[in-house]
Amino acid sequence: MVMRSLITFFCAMGNKLLRHLSILGMGVYLLALVVISVVFRGYAMQAKWVLWGIGEVLFFFVMTAIFYPRWKNDAPKVFWRKVFWTALALRIVYALVMCYYYYYQTGIAFEYGAADSIGYHKMSAYLSRFVRHGYFTFIFKYLNAYTMGYSDQGYPLWLILIYTIFGRNLLTPRFLKGLMSAYLCIVVWKLGSRTFGERTGRLAAVMSVFTPILIQSCGLHTKETEMIFLSVLALERMDYLIRSKKYTVWNILFPILLVGLTFGFRTIIGMCLVFSFLVFLVLSSPDRVSKKVKIVTIAATVVVFFVFLFSPVGWEMRYIYKFKFTDLDYQSDRYESMGLAHSELAQSWLMAPGAFVLPLAPMVEEAPDHNKMIHGSTYVTNFLAFFAMLAIVIAFRQKKWRDFSLIGAYELSYLAIIMFSFAANSERYHEPMVPFIVLTAAYAMTHLRRKDLTLFYVYCGLLFVALVVWNWLKLSARGLA
């Protein structure tokens, strides 16, 4: 009855293709959820997790299908305002409501199983007191002693600044996250329009407004929102620098500053940004970037890289390569140490082909509460992953691989490092890719062929099977199925 009402509702809307994809996306999710809940009924998710998941999936597909046809032909300024203010309102309201929701559910205004977020808050609230008294050296001594290095200090410093100016209120940093996440939608529009055309850029922007995980991260005290914002803005500014050929001091220094800041949040993001810029520069056509500019820029980047290499940041880069990138059996060994079955399937070389898709949505009770709460958001990414992968094929098919090289190099390099690391199956570590999956998915959706749709139908079937098998493995590994 619900599905029939939704189909009737969609039929009254424009954009037939988007409507078709949305109905299929919701259908696969609901079918998988029902089948998994029936087959593994002894371990079916509680009603509140089911409601969260259904709400997340319907929100994304329904709202995107409604608002994209309405906004796509608006004048640029009108479109900009609608996207930004809608995104900001959603994120501010969500952050406010969730603060009280979490307090009611957990007794504190933090998410289920909160760990890092509480640590960040307590550390920053404590150190903000010393800023008011001018004890700056103590702050850096403390951070050096109690954090894991430079890449773990950027976010605490950001929170310290917020708490010093606005007081130690939990909502202030979350409202600021909402502001950054709202402007992120505009940055996605600019990057997408410049790279793939206005139609793709607008679809990507609208999808970003309603992407559940981008909204949900604004209600947390973790660093993902800031990290995502800095990385997307850095790529957009790099893209603008090369395409506009306006080599002013500000246009050059601003992306360098942004990249430098990303090293303070996660080292591999900074590394991948530098790598993707070099790839984009080398592959840019001669009429866009002259040979002289390429040589000078590459030489300057190499010099900066070696400076980093012999700095604390460089030490972290070497550490990551040695202990987190080369250990292909990390996940397998970890699961085996926990006494879980099927640990042999968790090897990086087996998981790597699913880099765009993983982790799959958990739909059984045997999963952390936070992961169950956002399982619908995770499914949205699983669904869009097909189009993100297809975008690579379309870019070569349309001979736009040079334009795609900046985003593509960043996506592929980051996912390669993640999949061959300790974080291959970590939802948080995959979040920085969400805006790029949305952007490349929008490119594929706006350039689909009939043959591509056939592949998409196959993918829907495979995704359904994968979700069932994935959740069976979760139970079977614990001897429950």
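All residue numbers in this chain count up from 1 along the given sequence.
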Q: For the residue pair T446 and T200, confirm or rule out a side-chain donor-acceptor distance under 3.5 Å.
A: yes

Q | pair T440-F356: side-chain heavy atoms closer than 4.5 Å | A | no

Q. What residue pairs, at least two apart or across chains, pass salt bridge (charged side-chain N to carboxylate O under 4.0 Å, His left out) with a residue in residues 264-285?
A. E224-R266

Q | side-chain contact (heavy atoms from CB on, under 4.5 Å) partners for R397, two or more places apart | A | I394, R449, D452

Q: For S244, check side-chain contact (heavy atoms from CB on, under 4.5 Å) against everything at least two apart and list the hits.
A: Y240, K246

Q) Could you give all pairs that pass the ring pair (Phe, Tyr, Trp, His ring centres under 6.0 Å) test and reach residues 432-457, with sequence neighbours left out? A) H20-Y457, F196-Y443, F383-F456, F386-F456, F387-F456, Y410-F436, Y443-H447

Q. Taking only residues two or more places apart in sequence or in another chain, which ones pass salt bridge (Lys or Arg N to Asp or Glu O under 4.0 Å) with R194?
A. E236, D239

Q) What distance separates L360 CG from L463 CG, expressed to the nearest 0.5 Å? A) 7.0 Å

Q. Looking at residues at least two apart in the chain, or sitting in another chain, which of them share a ring pair (Phe, Tyr, Trp, His ring centres under 6.0 Å) with Y120?
A. Y155

Q. Between I139 and L127, which heavy-atom pair has the shortest distance, and what is it?
A. CD1-O, 3.9 Å

Q. Can you name the residues that form a ring pair (Phe, Tyr, Trp, His ring centres under 6.0 Å) with F166, not counting sequence neighbours?
A. none

Please tabulate, for the side chains in residues 71-90, all donor-acceptor contacts under 3.5 angstrom to protein atoms that are two or more places apart in sequence or on a different chain.
residue : atom : partner : partner atom : Å
D74     : OD2  : K82     : NZ           : 2.8
T86     : OG1  : K82     : O            : 2.6

Q) Would E431 and S217 count as having a side-chain donor-acceptor pair, cut-off 3.5 Å? A) no

(Q) By the ring pair (Phe, Tyr, Trp, His ring centres under 6.0 Å) test, which pairs, at least two apart or in different chains, include something from residues 198-226? (A) F59-F210, F67-F210, F110-H221, H121-H221

Q: List the atom of L406, the atom of L235, and the distance in Å for their closest heavy-atom pair.
A: CD2-O, 3.4 Å

Q) Would you say K400's side chain and A395's backbone share a donor-acceptor pair under 3.5 angstrom? A) no

Q) Under 3.5 Å, is there a donor-acceptor pair between the side chain of R402 and the main chain of L283? A) yes

Q: Say whether, by atom type as modelled, one donor and one acceptor occur between the side chain of K294 and the main chain of S284 under 3.5 angstrom.
A: yes

Q. Of the non-hydrogen atoms in E226 and M180, which two are nearest, and what is the gap between them?
A. CG-CE, 3.4 Å

Q | Between R91 and S181, a side-chain donor and acceptor under 3.5 Å | A | yes

Q: Search all heavy atoms of A355 against all heavy atoms of L415 and return the closest pair with its distance.
A: O-CD2, 3.7 Å

Q) With respect to D116, which candidate in K223, R428, K122 satisfies the salt bridge (Lys or Arg N to Asp or Glu O under 4.0 Å) definition? A) R428

Q | Of L281, N251, T248, the residue whose pairing with L241 passes side-chain contact (heavy atoms from CB on, under 4.5 Å) | A | N251

Q: Measure the shortest side-chain to side-chain distance between Y102 and L220 over non-hydrogen atoms and say whether it is less than 4.5 angstrom.
A: yes

Q: Establish, from distance only, whether the side-chain atoms of E111 and S117 form a donor-acceptor pair under 3.5 Å.
A: yes

(Q) P255: which residues meet the side-chain contact (heavy atoms from CB on, under 4.5 Å) condition with it, sequence neighbours left out? (A) R237, M238

Q: For K190, enumerate each residue passing the salt bridge (Lys or Arg N to Asp or Glu O under 4.0 Å) test, keeping only those at least two apart in sequence or located in another chain.
A: none

Q: Applying side-chain contact (heavy atoms from CB on, under 4.5 Å), name anything that partners A204, two or more places apart in sequence or on another chain.
A: V188, L439, A442

Q) Under a 4.5 Å cut-off applied to non-hydrogen side-chain atoms, are C218 and R174 in contact? A) no

Q: Grab the two heavy atoms, one from A361 and one from Y379, that are nearest each other, plus how far apart they are.
A: CB-N, 3.9 Å

